[in-house]
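In this text, all values refer to a predicted model and were calculated from it rather than measured experimentally. Labels below follow one simple rule: chain letters A, B, ... track the order of the sequence lines, proteins then strands, and each chain is numbered from 1.
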Amino acid sequence: MFLFYLESLIAVFPLFLKGLWVTVAISGLSLITATILGFLTGIGRSSEIKLLRYAIGFYVNLLRGTPFLVQIFVIFFILPEFGINLEPFPAAIIAMTFMGGAFICEIVAAGIEAVPKGQREAAIATGLSRYQQVRYVILPQAMRTILPPLVGQYVLLVKDSSIVSVIGVMDLTRVGWLTVQRIPEGMLVFGLVGIMYFAICYPLIQLAARLEKRMSVGESRL
Amino acid sequence: MLEYFNFRVIAQYLDQYLIGLLATGWISLVSLFLALILGTIACVMRLSKNRLISGVSAVYIESMRSTPLLTQLYFFYFGLPSIGININEVQTGILALSLNSGAYIAEIIRAGILSVPRGHIEAGIASGLSFIQRLRYIILPQALGVVVPPLLGSAIVLVKDSSLLSLISVLELTRAGQILTSERFMPAEGFFTTAVFYLVIYAALKVFSDWAQKKLIFREAH
């Protein structure tokens with residue numbers, strides 16, 4: 001029986017590849033949008049405007065304090081009540097962007113905070129504009145602190161993309177869930193799903209670890 | 001929007017939410033407890049000089065960290081019955097949650113232990129301290145400062161991750177929201193209420209974690 005299931009699993013393997021592609025597409029797209037949102041809000045957190053800081057803080061805590069599953073339900077089921085009907089795929093991208101953005105915001109804000117105060121004062125004293133300060137003085141130095149956890153966050157984003165399967169996006173997890181209804185060998189089916197996620201995430205985790213090592217070596221020279 | 005919000009329905013379903021809150025609470029606590037034990041064991045194994053033992057632990061840690069929790073949950077939920085192990089949904093959920101969280105905790109503890117400089121331990125040996133004394137007076141006080149903040153962070157993650165158990169029909173907070181939504185067709189009431197409960201847990205854990213961090217810094221300064 002096991003061999004029979006194995007054979008049928010091989011027969012539906014192209015579906016898994018399609019699911020893998022959807023997972024990569026969703027995480028890749030939302031990785032870009034979340035990074036943009038995260039950097040904008042992260043930089044905004046060190047702004048002088050109090051209201052902006054509070055608004056960003058509220059957004060970050062709201063999204064960090066609730067499970068992603070609940071957020072995706074809110075976007076997918078509640079927005080239609082206000083007349084905004086979204087297909088599963090764009091709904092997934094929006095949910096992932098807001099969630100990822102909140103986490104990246106914290107990472108960016110922490111990175112900016114780690115830049116010595118004197119650097120910014122020097123930038124002001126040299127007469128750089130606010131944009132120039134951030135662009136040429138603060139961010140390049142903050143990137144050292146930001147980069148390793150940012151890559152770590154990308155791993156989380158790929159993994160969290162599995163949750164969008166619940167609103168019907170045909171990603172890797174959804175393909176596995178549908179397959180297991182036909183081929184009741186859960187370990188086989190989700191073992192395969194797991195291996196595919198592993199192939200994406202493991203190299204990213206190694207990259208994050210290597211970046212962290214490199215950055216800390218650079219720091220110890222100071 | 002507030003005028004459309006039907007508080008009476010929420011009041012009707014309040015028992016459901018309280019049962020859910022309680023379930024989320026105890027499931028998270030039990031999983032955290034098991035994850036701490038698992039994480040400690042995995043960490044000790046990972047640091048072992050025996051290649052095989054540390055290899056087994058590395059495979060466990062890396063495979064857990066590189067695959068989504070939802071895939072792991074389905075792996076056990078659909079997989080265990082097919083190899084003849086029948087446990088209920090709550091047990092399956094706790095199993096997946098603690099295995100998943102244990103891998104992260106193992107890495108956190110490892111980072112804590114590795115953060116203690118070798119020279120300190122050697123100095124302890126040289127001054128004739130026993131292993132227990134070295135652990136009590138040299139390693140733990142230094143490692144705790146590194147370990148406790150991320151450990152509390154993973155407790156917060158665990159609470160949020162437990163929301164996935166709703167997908168294998170465990171009655172917890174998210175499930176309570178789903179039930180209200182599907183019985184009354186009121187997704188806003190259902191999921192916003194769920195979100196508020198999670199935010200309350202998050203706020204409480206965050207206050208506790210900030211307090212604990214302050215305490216630890218205080219101790220380190222001495």
Side-chain angles (χ1 to χ4, degrees), chain A residues 1-2 5 23 61-62 64-82 152 155-156 158-166 171-173 176-177 179-181 183-206 209, chain B residues 1 4 24 61-83 100 107 111 153 156-157 159-167 172-175 177-178 181-182 185-203 205-206:
Chain A
M1 207 54 183
F2 182 80
Y5 287 140
T23 291
N61 276 319
L62 200 64
R64 285 174 65 109
T66 48
F68 182 54
L69 182 64
V70 174
Q71 291 165 18
I72 207 152
F73 281 148
V74 166
I75 285 178
F76 193 64
F77 292 115
I78 299 181
L79 284 187
E81 298 230 316
F82 299 95
V155 179
L156 289 183
V158 173
K159 290 194 286 177
D160 280 338
S161 79
S162 67
I163 297 175
V164 304
S165 63
V166 300
D171 76 327
L172 202 45
T173 304
W177 190 85
T179 309
V180 87
Q181 318 289 334
I183 305 169
E185 281 287 339
M187 295 210 161
L188 202 64
V189 173
F190 282 101
L192 180 62
V193 171
I195 288 171
M196 288 175 139
Y197 276 112
F198 188 88
I200 309 174
C201 295
Y202 186 70
L204 278 177
I205 290 178
Q206 296 306 310
Chain B
M1 196 194 114
Y4 295 114
T24 292
I61 292 171
E62 295 306 336
S63 61
M64 284 292 155
R65 294 205 312 159
S66 303
T67 51
L69 174 62
L70 186 57
T71 308
Q72 295 159 16
L73 194 63
Y74 284 157
F75 181 81
F76 292 117
Y77 182 65
F78 293 111
L80 287 181
S82 66
I83 56 165
N100 180 276
E107 286 292 283
I156 294 176
V157 171
V159 171
K160 290 195 287 172
D161 277 349
S162 73
S163 69
L164 292 184
L165 267 57
S166 66
L167 299 174
E172 41 70 78
L173 266 179
T174 309
R175 185 87 192 133
Q178 284 170 5
T181 301
S182 61
F185 305 107
M186 288 178 176
E189 283 79 355
F191 292 125
F192 280 142
T193 314
T194 299
V196 167
F197 275 108
Y198 277 114
L199 282 172
V200 170
I201 302 178
Y202 174 70
L205 280 174
K206 208 158 178 228

Per-residue contact mode, [X] against chain A (heavy atom under 4.5 angstrom):
X	answer
B/Q72	neither
B/L164	both
B/T181	neither

| Taking the six-membered ring for Trp, are B/F191 and A/F77 parallel (under 30°), tilted (30 to 60°) or perpendicular (over 60°)? | parallel
| task | Could you check which of B/G177, B/A203, B/P187, B/G190 has the highest count of heavy-atom pairs closer than 4.5 Å to chain A? | result | B/P187
Within-4.5 Å side-chain heavy-atom neighbours: [X] and [Y]:
X	Y	answer
B/T67	A/I195	no
A/I205	B/R65	yes
B/L73	A/F190	no
A/P67	B/D161	no
B/Y198	A/V70	yes
B/Y202	A/N61	yes
A/V180	B/Y74	no
B/E62	A/Y202	yes

| message | Between B/L167 and A/L69, does the side-chain contact (heavy atoms from CB on, under 4.5 Å) criterion hold? Intermediate values first, please. | response | CA-CA 10 Å; B/L167 299 174; A/L69 182 64; 4.2 Å; yes
| query | Can you name the nearest heavy-atom pair linking B/P68 to A/S162, along with the distance? | reply | CB-OG, 3.3 Å
| message | Quick check: closest heavy atoms across B/L70 and A/S165, and the distance to 0.1 Å? | response | CD2-OG, 3.7 Å
From [X] [atom1] over to [Y] [atom2], what is the distance, rounded to the nearest 0.5 angstrom?
X	Y	atom1	atom2	answer
A/T66	B/I201	OG1	CD1	11.5 Å
B/I83	A/L188	CD1	CG	12.0 Å
A/Y197	B/S66	OH	OG	13.0 Å
A/I183	B/F78	CD1	CZ	13.0 Å

| query | Is there a side-chain contact (heavy atoms from CB on, under 4.5 Å) between B/F75 and A/V193 once you walk through the steps? | reply | CA-CA 9 Å; B/F75 181 81; A/V193 171; over 6 Å; no
| query | Measuring heavy-atom distances to chain B, does A/L204 have an atom under 4.5 Å in its side chain, in its backbone, in both, or in neither? | reply | neither
